[in-house]
K.L.:
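Below is a structure I'd like to ask you about.
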Amino acid sequence: MKIYDTLSGEKKEFVPVHEGRVGIYVCGPTTYDYAHIGHARPAILFDVFRRFLEYLGYDVILISNITDVDDKIINKANELGKDPIEMAHYYAREYLKDMDALRVRRANIIPKATRHIEEIINLIKILVDKGYAYESGGDVYFSVKKFKDYGKLSHRKIEEMLAGARVEVNEKKRDPLDFALWKASKPGEPSWQSPWGPGRPGWHIECSAMSMNYLGPTLDIHGGGADLIFPHHENEIAQSEAATGKPFAKYWMHVGLVRFEKEKMSKSIGNVFLIKDFLKKYPPEVLRLMYLNSHYRKPYDFSEKNIEDSLPLLEKIWSTYQILKDSAMQEEPSKDIAMKIEDAREKIIAALEDDFNTREAMKEYLSFINFARELKGGDALAALNFLKEMDEIFDLLPRGENEGKEKELIELLLNVRNEERKRKNYEIADYIRDELEKIGIKIEDTKEGTKWYKI
RNA sequence: GGGCAGGUGGCAGAGAGGUUAUGCGCGGGACUGCAGAUCCCGUUUACUCGGGUUCGAAUCCCGACCUGCCCUCCA
């Protein structure tokens, strides 16, 4: 297993801190609005990475936080006249709902910043005691120049950063590069008691405190969107390593950003595509497929055309699954098929072991799909079982079985349609086909009769 | 100015020294009441440019040009 590490800039052999166990921390969102398709990329990908590590036999602990106190939350709540924490929790629930719909398996722990104030304060205390942080007018700042490795993750030097000149002006800071660990609260803002007076955590400290709380001073994999490399993750490293003197994470993984119609998705451009809006028009699996079908470190150019191009692929997977279910029989598969399956399995595993190359894995998966749709009997059964095995990782197959009253009703309709076809009443037959498609049931007339599947 | 990705066929996008990517589109054929799906064939020398390494480069090295993202709001 090899993993590309942002810090060293190279693919490294994966060796977890504790044999057989993997601790992963993925930075989740600050919840002050509905989640967009950009948020879904790291969520879906780390979900698949985690499932793959489990498939390999590792014990995986995945932690994915929600930041529920922050300037952006407070500003928006003030605008709307709402309670900031309540509003943040509303959006957090909506975020989890969206992720559930996208078949992202929930992390083992989904910690919230406001539930870890004590850990945060303790960490800041350590930093103050060690001389890495100082109090100033009720705020506490991290002294960037005291941490000699600052810039090692984003590969920049402190002198170069100042040239960027977008540094916030703040007379409480001793140095413009310093960043807030704790902010004194203004009246009416959420606040907690601390040795420095009432206040709230700065942006970066919650991830350091929570990840070390659950996974110890050195975790295996720390991940998130590429936009978090600087300053968020750089600051996490500074805080955490200054406090513990130990490396904070063994592997830093960053998922490329999603662009929409060739432009960065941002509220000011007005091209934000919300997950809940996406789900009104398309099945959730198509988004999984789109992200799996691209390289995770590269930027993803999202567009309507891209979705339209991916839908036929998903339909192919689903129709193949349905066809195999119909033709599978409880028999021994042939030697050829057993070998073919073993070959596909090896190729998919090899691709994923090479820095989670899901694109390469999907290529093998799709070529197997293409090959498998003709299979019958025991061969079809073996192929079906293989697809289910792979679905533990990818989670793309149609959900729910076609059975029960719904199945009976649809098959009744199809029988009626086929009767009408025999009588050459094609208007009625085509009406049934069109109306079924409108409610998401696709049908195909084949030599072996009419097949149907949900889309 | 600095950091990081890239520049691939009509389009979208993988691949990372020698063998068909794939999908969409387009043209032809098979099947079909039609549609869709599926299968077959075609879309004849795809890899920004210039040098270099090599028996062999889209892939490695050097240099240009171009694009995107980041440089204290970000997944």
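Chain A is the first sequence line, chain B the second, and so forth, proteins listed ahead of strands; every chain is numbered from 1.
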K.L.:
Is A/Gly38 touching bases, backbone alone, or none of the nucleic acid, heavy atoms closer than 4.0 Å?
P.N.:
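Base contact.
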K.L.:
Expressed as a whole number of angstroms, how long is the span from A/Arg259:CZ to B/rG6:P?
P.N.:
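Roughly 14 Å, once rounded to whole Å.
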K.L.:
Can you pull out the residues from residues 84-107 of chain A that lie within a 4.0 Å heavy-atom distance of RNA chain B?
P.N.:
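Nothing qualifies; none.
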K.L.:
Could you pull out all residues at least two apart from A/Phe46 that satisfy ring-ring contact (aromatic ring centres under 6.0 Å, His included)?
P.N.:
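Only A/Phe49 meet the ring-ring contact (aromatic ring centres under 6.0 Å, His included) criterion with A/Phe46.
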K.L.:
Have a look at A/Val258 and say if it touches a base, only the backbone sugar-phosphate, or nothing, with a 4.0 Å heavy-atom cut-off.
P.N.:
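The residue A/Val258 makes base contact.
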K.L.:
If I take atom CZ in residue A/Arg156 and atom P in nucleotide B/rG3, what distance separates them, rounded to the nearest angstrom?
P.N.:
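Interatomic distance, CZ of A/Arg156 to P of B/rG3: 10 Å.
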K.L.:
Mind checking side-chain contact (heavy atoms from CB on, under 4.5 Å) for A/Asp326 and listing every partner two or more places apart, or none if nothing turns up?
P.N.:
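Residues passing side-chain contact (heavy atoms from CB on, under 4.5 Å) with A/Asp326: A/Gln322, A/Lys451.
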K.L.:
Measure the distance from CZ on A/Arg297 to P on B/rC70 and round it to the nearest whole Å.
P.N.:
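My rounded result for the distance is 19 Å.
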K.L.:
Output the rounded distance in Å from CG (A/Asp71) to C1' (B/rC73).
P.N.:
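Going from CG in A/Asp71 over to C1' in B/rC73 covers 10 Å.
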K.L.:
OP1 or OP2 of B/rC69 versus the side-chain N and O atoms of A/His254: is any pair under 4.0 Å?
P.N.:
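It does not, given that no N or O in the side chain of A/His254 lies less than 4.0 Å from OP1 or OP2 of B/rC69.
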K.L.:
Please enumerate all residues that pass salt bridge (Lys or Arg N to Asp or Glu O under 4.0 Å) together with A/Glu241, with sequence neighbours excluded.
P.N.:
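Applying salt bridge (Lys or Arg N to Asp or Glu O under 4.0 Å) to A/Glu241 gives A/Lys152.
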K.L.:
In whole Å, measure the gap between the C1' atoms of B/rG36 and B/rU48 for me.
P.N.:
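Going atom to atom, C1' in each nucleotide, I get 41 Å.
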K.L.:
Counting only side-chain N and O atoms of A/Tyr4, is one of them less than 4.0 Å from OP1 or OP2 of B/rA5?
P.N.:
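Yes, because at least one side-chain N or O of A/Tyr4 sits under 4.0 Å from OP1 or OP2 of B/rA5.
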K.L.:
Using purine N1 to pyrimidine N3 plus N6-O4 or O6-N4 for Watson-Crick, or N1-O2 and O6-N3 for G-U wobble, both under 3.5 Å, which nucleotide pairs with B/rC39?
P.N.:
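B/rG29 - that is the nucleotide pairing with B/rC39, both distances being under 3.5 Å.
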K.L.:
5'-most contact on RNA chain B: A/Cys27 or A/His204, nearest heavy atom basis?
P.N.:
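Its nucleotide being nearer the 5' end, the pick is A/His204.
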K.L.:
Out of A/Ile348, A/Ile341, A/Thr320, which residue meets the side-chain contact (heavy atoms from CB on, under 4.5 Å) rule with A/Phe368?
P.N.:
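Looking at A/Ile348, A/Ile341, A/Thr320, the match for A/Phe368 under the side-chain contact (heavy atoms from CB on, under 4.5 Å) is A/Ile341.
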K.L.:
Please give the distance between the P atoms of B/rA14 and B/rU22 as a whole number of Å.
P.N.:
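Each nucleotide's P atom is 15 Å from the other's.
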K.L.:
On a whole-Å scale, what distance lies between the C1' atoms belonging to B/rG52 and B/rC39?
P.N.:
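Straight-line distance between the two C1' atoms is 47 Å.
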K.L.:
Determine which nucleotide pairs with B/rG10, using a 3.5 Å limit on both distances of a Watson-Crick or G-U wobble pair.
P.N.:
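WC or wobble partner is B/rC24.
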K.L.:
With rounding to whole Å, what would you report as the distance between B/rA37 and B/rA46 at their P atoms?
P.N.:
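Roughly 29 Å separates the two P atoms.
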K.L.:
Taking only residues two or more places apart in sequence or in another chain, which ones pass salt bridge (Lys or Arg N to Asp or Glu O under 4.0 Å) with A/Arg115?
P.N.:
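Scan of A/Arg115 (salt bridge (Lys or Arg N to Asp or Glu O under 4.0 Å), adjacent residues dropped) gives none.
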K.L.:
Tell me what A/Ser319 touches on the nucleic acid: a base, only sugar-phosphate, or nothing, going by heavy atoms under 4.0 Å.
P.N.:
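Answer is nothing: A/Ser319 stays at 4.0 Å or more from every strand.
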K.L.:
Taking the C1' atom of each, how far is B/rA21 from B/rC61, in whole Å?
P.N.:
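My reading of the C1' atoms in B/rA21 and B/rC61 gives 27 Å.
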K.L.:
Got a sec, which residues hit side-chain contact (heavy atoms from CB on, under 4.5 Å) with A/Ile61, two or more places apart in sequence or on another chain?
P.N.:
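Here the qualifying residues are A/Ile63, A/Asn108, A/Leu215.
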K.L.:
side-chain contact (heavy atoms from CB on, under 4.5 Å) with A/Asn75: which residues, sequence neighbours excluded?
P.N.:
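side-chain contact (heavy atoms from CB on, under 4.5 Å) check on A/Asn75 returns A/Asp71.
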K.L.:
From the options A/Leu324, A/Leu384, A/Leu381, select the one residue that forms a side-chain contact (heavy atoms from CB on, under 4.5 Å) with A/Leu375.
P.N.:
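Testing each of A/Leu324, A/Leu384, A/Leu381 against A/Leu375, the sole residue satisfying side-chain contact (heavy atoms from CB on, under 4.5 Å) is A/Leu324.
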K.L.:
Across all strands shown, which nucleotide pairs with B/rA57 by Watson-Crick or G-U wobble geometry, both distances under 3.5 Å?
P.N.:
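Per the H-bond distance test, none.
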K.L.:
Determine the interatomic distance between C1' on B/rG1 and the same-named atom on B/rG10; round to the nearest Å.
P.N.:
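The answer is 39 Å between these two C1' atoms.
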K.L.:
Using a 4.0 Å heavy-atom cut-off to protein, can you give one letter per nucleotide of nucleotides 16-34 of chain B, 5' to 3': B if the base is in contact, S if only the sugar-phosphate is, - if neither?
P.N.:
-----B-BS------S-BB
K.L.:
Give me the distance, rounded to whole Å, that separates B/rC47 from B/rU8 when you measure between the C1' atoms they each carry.
P.N.:
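Per the computed distance, 4 Å lies between those C1' atoms.
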K.L.:
Are the ring centres of A/Tyr141 and A/Phe179 closer than 6.0 Å?
P.N.:
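That pair fails the under 6.0 Å test.
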K.L.:
Can the ring centres of A/His116 and A/Tyr214 be said to be less than 6.0 Å apart?
P.N.:
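Centroid distance A/His116-A/Tyr214: below 6.0 Å, so yes.
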K.L.:
Could you state the CG-P distance from A/Leu153 to B/rG3, rounded to the nearest angstrom?
P.N.:
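So the CG-P distance, A/Leu153 to B/rG3, works out to 16 Å.
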K.L.:
For A/Gly28, report the nucleic acid contact type (base, sugar-phosphate, nothing); a contact means any heavy atom under 4.0 Å.
P.N.:
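Sugar-phosphate, no base atom in range.
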K.L.:
Just call it for A/Pro29: base, sugar-phosphate, or nothing, with non-hydrogen atoms closer than 4.0 Å on any strand.
P.N.:
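Result for A/Pro29 = sugar-phosphate.
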K.L.:
Partner of B/rU67 by Watson-Crick or G-U wobble geometry, both contacts under 3.5 Å, or none?
P.N.:
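For B/rU67, the partner nucleotide comes out as B/rA5, under the 3.5 Å rule.
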K.L.:
Pick the C1' atom in B/rG27 and in B/rA5, then give their distance to the nearest Å.
P.N.:
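It works out to 38 Å between them.
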K.L.:
With respect to the side chain of A/Glu374, which nucleotide from B/rU38, B/rC71, B/rC73 is positioned closest?
P.N.:
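That would be B/rU38.
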K.L.:
Sort out for me which residue in A/Asn357, A/Thr358, A/Asp355 forms a side-chain hydrogen bond (donor to acceptor under 3.5 Å, both in side chains) with A/Tyr296.
P.N.:
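It is A/Asp355; the other options fail the test.
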K.L.:
Not counting sequence neighbours, list each pair that qualifies as a salt bridge (Lys or Arg N to Asp or Glu O under 4.0 Å) and has a residue in residues 37-50 of chain A.
P.N.:
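For residues 37-50 of chain A, and leaving out neighbouring residues, the salt bridge (Lys or Arg N to Asp or Glu O under 4.0 Å) pairs sorted by first residue read A/Asp47-A/Arg51, A/Asp47-A/Arg288, A/Arg50-A/Glu54.
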K.L.:
In whole angstrom, what separates A/Ile158's CD1 from B/rG1's P?
P.N.:
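Whole-Å distance recorded here is 23 Å.
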K.L.:
Taking a pair as Watson-Crick or G-U wobble with both distances under 3.5 Å, which nucleotide is matched to B/rG17?
P.N.:
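Its partner is none (no Watson-Crick or G-U wobble pair with both distances under 3.5 Å).
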K.L.:
B/rG3 phosphate, OP1 or OP2: any side-chain N/O from A/His155 under 4.0 angstrom?
P.N.:
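No, outside the criterion.
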K.L.:
What integer distance in Å separates A/Leu311:CG from B/rA12:P?
P.N.:
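It is 19 Å, rounded to the nearest whole Å.
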K.L.:
Take the protein atom OH of A/Tyr300 and the nucleotide atom C1' of B/rU67, then report the distance between them rounded to whole Å.
P.N.:
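Computing the A/Tyr300:OH to B/rU67:C1' distance gives 19 Å.
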K.L.:
Touch check for A/Leu257, heavy atoms < 4.0 angstrom, all strands: base, sugar-phosphate only, or nothing?
P.N.:
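Base: the residue A/Leu257, judged by heavy atoms under 4.0 Å, touches a nucleobase.
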